[in-house]
There are 2 protein chains.
Amino acid sequence: MQTELQQVRAFNRTVTQRLGVLNERYLGRDRPLAESRLLFEIGLKGAPVRELRARLGLDSGFVSRMLRALERKRLATTLRRPGDDGRVRFARLTRSGIAELQRLNTLSDELARSMLTPLGKKGAQRLLSAMAEVERLLRASSVEVAPADPLSPEAQQCRDQYFGELASRFRGGFDGGLEAAVLQSFVPPRGVLLIAWLFAEAIGCGALRALQPGIGEIRHLWISPKMRGLGVGRRLLDELERAARKRQLRAVRLDTNESLDEAIGLYRASGYREIAPYNDNRYAHYWFEKSLS
Amino acid sequence: MQTELQQVRAFNRTVTQRLGVLNERYLGRDRPLAESRLLFEIGLKGAPVRELRARLGLDSGFVSRMLRALERKRLATTLRRPGDDGRVRFARLTRSGIAELQRLNTLSDELARSMLTPLGKKGAQRLLSAMAEVERLLRASSVEVAPADPLSPEAQQCRDQYFGELASRFRGGFDGGLEAAVLQSFVPPRGVLLIAWLFAEAIGCGALRALQPGIGEIRHLWISPKMRGLGVGRRLLDELERAARKRQLRAVRLDTNESLDEAIGLYRASGYREIAPYNDNRYAHYWFEKSLS
DNA sequence: TAAAATGTCTGACTAAAGTCAGGGAGTGCA
DNA sequence: TGCACTCCCTGACTTTAGTCAGACATTTTA
């Protein structure tokens, strides 16, 4: 473990040093860095001020003041969008603000090039794939799993994506009727719905409910496609099993469709064993159980 | 190319965000971040002030002022070391400074752990090896190659390390006698000595000199062991060949010892072909030539 | 040995980043 | 309608980070 931590620290040092220096040199040329970041965040489409604040993690006064500065330089405007909540201001780049953003993008590309070109073609390829791996895993490591209300908009959104995917993957489609009673069964203390968050975005979910005395059922385990293969599913499953243990369940069951290979792989790898059908789900091809000791 | 640059930018964003937030949260808790970094750099063994300045890339006044601040808090002292250059001050941590450094190290470890543990064992391993790769390549990409005086201390240092390595690798050892005339032959305009710099540290060298009319010779190509396999050797070799072309040479030659496998591999991969001995170097087993068209 | 260069220090300054309190406008609910 | 709340704004601050000029001691070079 010691050397692993040292490795992370070495990475941390090298990378912050190199990127910090470059960011300042390329992006903060004639303007405070925070202002450049704000320009980036507003982007071509504009954004509500509250969102800018959240994304940059900055104080309301600070952002407001920077927006005034951008307005004085005629790079951005804030307006109120009719139809929206009248308190919310919407920031948008002016024509010259967009030109400025393009210039920043060019500089940012130069920065990227300055990292790749000295390495030659093969080295650049190696760096790129290692970067992609680090980036994905680092994102995965900031994922947080927390219980949620099954009726919350985020839960609804996860379910929509989940059912949408089932509909496209199942041979013969999928008709996602779901009674309110099932959702109620995910509510504590008998069940639980867990959502995996990447910052403010819900990127996965999974639910546990009581099936029979001593036996729970896991349902709706889903991970956003862009976060697959990074262990998020495994984490959700682990947490659901932990929740089941806490509820004194001695086993959990689940069913799944033949087309969901990653899920089936995950279940087998996690110690689930195939059992006889315990329900008449017409979309299920496999039924699994794992005993929790 | 476009998507490659985008990949780098995505990495840049994710990593600076994640590391920036964590750095501040963990290391800048009750003290300016720069001060924490200074504590790190002084370290257990202490360091000369000039070196601290160089490593952190900070203004002399700024560092001096931070040192005074650390002194006021009884975390560090500066002293003059007898025997050394009397102008140089040496910074050293006090007992409580060391305790503070340990605390920082603990926090830094926590930070590292917070990245690894959510990924599970396999994910952590993947992250670690990708991090190591990114770190090494990023360091390699900040290497700069520049001509140097063959008599400069850095050149001397490179040669010492080079000869030292030859002595340990050659069967039967190596007696590194080198006449001043040879060094003189590396001086422009007829020859050139290139040094590869990683920030202020010389981590590789290579020399070109005139051998016969129209033919040059490459000598002393060496890369620090910790920077091997990252394309630095290839870059030095390319630059030496470019220098040869600029001098209107139509070919370059070099000799090498059988034990230097990496070098031999590099030469072959770069288009060098074995030729008959063109000198009577008793340590050489192979003689190579490449024609520059 | 004088002159130039180097290493460190201080004082005086600036820019950037961030915090805090309070106020006005708008929204949603009782 | 009144009240609590949200969103954004401004003004008044502080801290952090940095720059610059010059002073002084020491070392190196001519």
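Letters A, B, ... are given to chains in the order of the sequence lines, protein chains preceding strands, and every chain is numbered from 1. Remember, it's a predicted structure, so these values are computed and weren't measured experimentally.
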- Message: Once you measure the plane-to-plane angle for B:F163 and B:H220, does it fall in the parallel (<30°), tilted (30-60°) or perpendicular (>60°) bin?
- Response: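 B:F163 and B:H220: perpendicular rings.
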- Query: Does the distance from a Lys or Arg side-chain N to an Asp or Glu carboxylate O, for A:R18 and B:E135, drop under 4.0 Å?
  - Reply: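 Between B:E135 and A:R18 there is no salt bridge, as every charged N stays at least 4.0 Å from the carboxylate O atoms.
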Using a cut-off of under 3.5 Å, enumerate the N/O to N/O pairs linking the protein to nucleotides 15-18 of chain D.
none

Check for a donor-acceptor pair, side chain of [X] on one end and backbone N or O of [Y] on the other, with a separation under 3.5 Å.
X: B:T16; Y: B:R13; result: yes
X: A:R136; Y: A:M131; result: no
X: B:E35; Y: B:L70; result: no
X: A:R89; Y: A:R50; result: no

- Between B:E165 and B:W222: side-chain donor-acceptor atoms closer than 3.5 Å: yes
- Straight-line distance of B:L208 CG to B:L221 CG, nearest 0.5 Å: 11.5 Å
- Message: Just the rounded figure in Å: distance from P of C:dA25 to CG of A:L79.
- Response: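 It is 19 Å, rounded to the nearest whole Å.
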All N/O contacts under 3.5 Å from nucleotides 7-9 of chain C to the protein, with atom names and distances to one decimal?
from  : atom 1 : to    : atom 2 : distance (Å)
C:dG7 : OP1    : B:R50 : NE     : 3.1
C:dG7 : OP1    : B:R50 : NH2    : 2.5
C:dT8 : OP1    : B:R50 : N      : 3.4
C:dT8 : OP1    : B:R89 : N      : 3.0
C:dT8 : OP2    : B:R50 : N      : 3.1
C:dT8 : OP2    : B:R53 : NH1    : 3.2
C:dT8 : OP2    : B:R53 : NH2    : 3.2
C:dC9 : OP1    : B:R68 : NH2    : 3.1
C:dC9 : OP2    : B:S64 : OG     : 3.4
C:dC9 : O5'    : B:S64 : OG     : 3.4
C:dC9 : O5'    : B:R68 : NH1    : 3.4
C:dC9 : N4     : B:S60 : OG     : 3.3

